[in-house]
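Here is the structure we will look at.
Sequence positions, counted from 1, serve as the residue numbers for this chain.
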Amino acid sequence: MLYGMRLLAWNIRQGGGSRLARIADALARHEADILVLSEYRGGEAAGRLRAALALLGYGYATAVTPPPGRSGVLVAARCAFRDDGAVGVGLPEPYRMVSAEFPDFRLVGVYMPNLFAKLPYWETLIAILGETDGHALAVGDFNTCRPYLDEAGAIDRTAHYMDRIAEIGFCDLWRRRNPELREFSWFSTRGNGFRIDHAFLSDTLAAPAGPIRYSHEERLAGISDHSPLILELGV
């Protein structure tokens, strides 16, 4: 079966640094149409990443760039889209959520902070998605996971937001497809696993969507400490 577009979301860890060439090689292998890259670092690292993506054919990218030394999220694509800029007003680090309008859907790229610092980002995201026409998705590193399912224990005290976003009609597509499976997208330095990289789709996008999976090869090879999330959109 053929699907419309392939989306890849990946936390590339501190802007990529000396691993940028390996990151670019991995992206080339996956042949995605749209990228959502978190821990997109400001300063010179931003320019190097954008140049590498342009060489891979990603000629369009969101303009919002973090300040030097800070990290946010970048949406890049092979096709044109309308760059709506940062999501929300008054967030401490607005470059952590950006919106891109494609012909058939709205995409919000996400890189949330840790612990309770993420609360205003979740509140803003839910408010924004609740106002969409139903053709939308939010993808990236949410630093959020369900207890005893997306992590071995119950460290994350903000997991209830995954219920909140479901209540407005956006499903965690990977979990819908894998209701009991435990698979982790990031491991701490202590070796504890967490599934914190997600794709939340409106029902109208979830219904026709194709396969969704994590690619662990890159994490195991040390290219990043996160596994890319790959989604085939059925638009």
Any donor-acceptor pair under 3.5 Å from [X] side chain to [Y] backbone:
X      : Y      : answer
Asn192 : Ser188 : no
Arg78  : Ala32  : yes
Ser185 : Glu183 : no
Arg190 : Phe187 : no
Ser202 : Ala136 : yes

Single-linkage hydrophobic cluster, 4.5 Å side-chain cutoff, [X] and [Y] together:
X      : Y      : answer
Leu129 : Met162 : yes
Ile128 : Val64  : no
Phe170 : Leu119 : yes
Ile223 : Trp186 : no
Val36  : Ile212 : yes

Can you tell me how far [atom2] of [Y] sits from [atom1] of [X], rounded to the nearest 0.5 angstrom?
X      : Y      : atom1 : atom2 : value
Ile12  : Leu20  : CD1   : CG    : 7.0 Å
Leu229 : Leu7   : CG    : CG    : 8.0 Å
His198 : Asp150 : NE2   : CG    : 5.5 Å
Phe200 : Ile165 : CZ    : CD1   : 5.0 Å
Trp122 : Thr144 : CH2   : OG1   : 5.0 Å
Arg50  : Leu37  : CZ    : CG    : 10.5 Å

What closest approach, in Å, do [X] and [Y] show between heavy atoms, and which atom pair accounts for it?
X     : Y      : value
Met5  : Cys79  : CE-SG, 3.5 Å
Val73 : Gly109 : CG1-O, 3.4 Å
Ala80 : Phe102 : O-CD2, 4.3 Å
Ser71 : Arg96  : O-CG, 4.1 Å
Leu74 : Ala61  : CD1-CB, 4.0 Å
Gly72 : Pro66  : N-CG, 3.4 Å

*Working for side-chain contact (heavy atoms from CB on, under 4.5 Å), residues Met97 and Tyr121*: CA-CA 8 Å; Met97 293 198 302; Tyr121 297 86; 4.2 Å; yes
Can you find a heavy atom in the side chain of [X] that is under 4.5 Å from one in the side chain of [Y]?
X      : Y      : result
Tyr40  : Tyr95  : no
Val110 : Val139 : no
Met112 : Asp141 : no
Val108 : Leu137 : no
Asp156 : Lys118 : yes
Trp10  : Ser38  : no
Ser224 : Glu218 : no
Leu231 : Leu201 : yes

Would you call [X] and [Y] a salt bridge, taking side-chain N to carboxylate O under 4.0 Å as the test?
X      : Y      : value
Glu232 : Arg6   : yes
Asp197 : Arg195 : no
Asp25  : Arg19  : no
Arg106 : Asp133 : no
Arg146 : Asp163 : yes

*Test side-chain contact (heavy atoms from CB on, under 4.5 Å) on Leu35 and Val75 and set out the steps.*
CA-CA 6 Å; Leu35 304 176; Val75 173; over 6 Å; no
_Full working for salt bridge (Lys or Arg N to Asp or Glu O under 4.0 Å) between Arg164 and Glu123_ = CA-CA 9 Å; Arg164 289 269 309 277; Glu123 293 289 348; 3.2 Å; yes
*Look at atom CZ of Arg176 and say whether more than 12 heavy atoms of other residues, nucleotides or ligands are closer to it than 6.0 Å.*
no
*Give the intermediate values and the outcome of ring pair (Phe, Tyr, Trp, His ring centres under 6.0 Å) for residues Tyr161 and Phe142.*
CA-CA 10 Å; Tyr161 279 103; Phe142 290 77; over 10 Å; no
*Quick one: do His226 and Glu39 satisfy side chain to side chain donor-acceptor pair (under 3.5 Å)? Show the steps, please.*
CA-CA 11 Å; His226 285 249; Glu39 287 203 35; 4.9 Å; no
*asked:* Run the side-chain contact (heavy atoms from CB on, under 4.5 Å) test on Tyr111 and Asn11 for me, step by step, so that the C-alpha distance in whole Å, both residues' side-chain angles and the decisive distance to 0.1 Å come before the verdict.
replied: CA-CA 8 Å; Tyr111 174 48; Asn11 180 318; 3.8 Å; yes
*Intermediate values then yes/no, side-chain contact (heavy atoms from CB on, under 4.5 Å), Leu107 and Ile34*: CA-CA 10 Å; Leu107 167 65; Ile34 303 170; 3.8 Å; yes
*Establish, yes or no, whether a centroid distance under 6.0 Å links the rings of Phe194 and Phe184.*
no
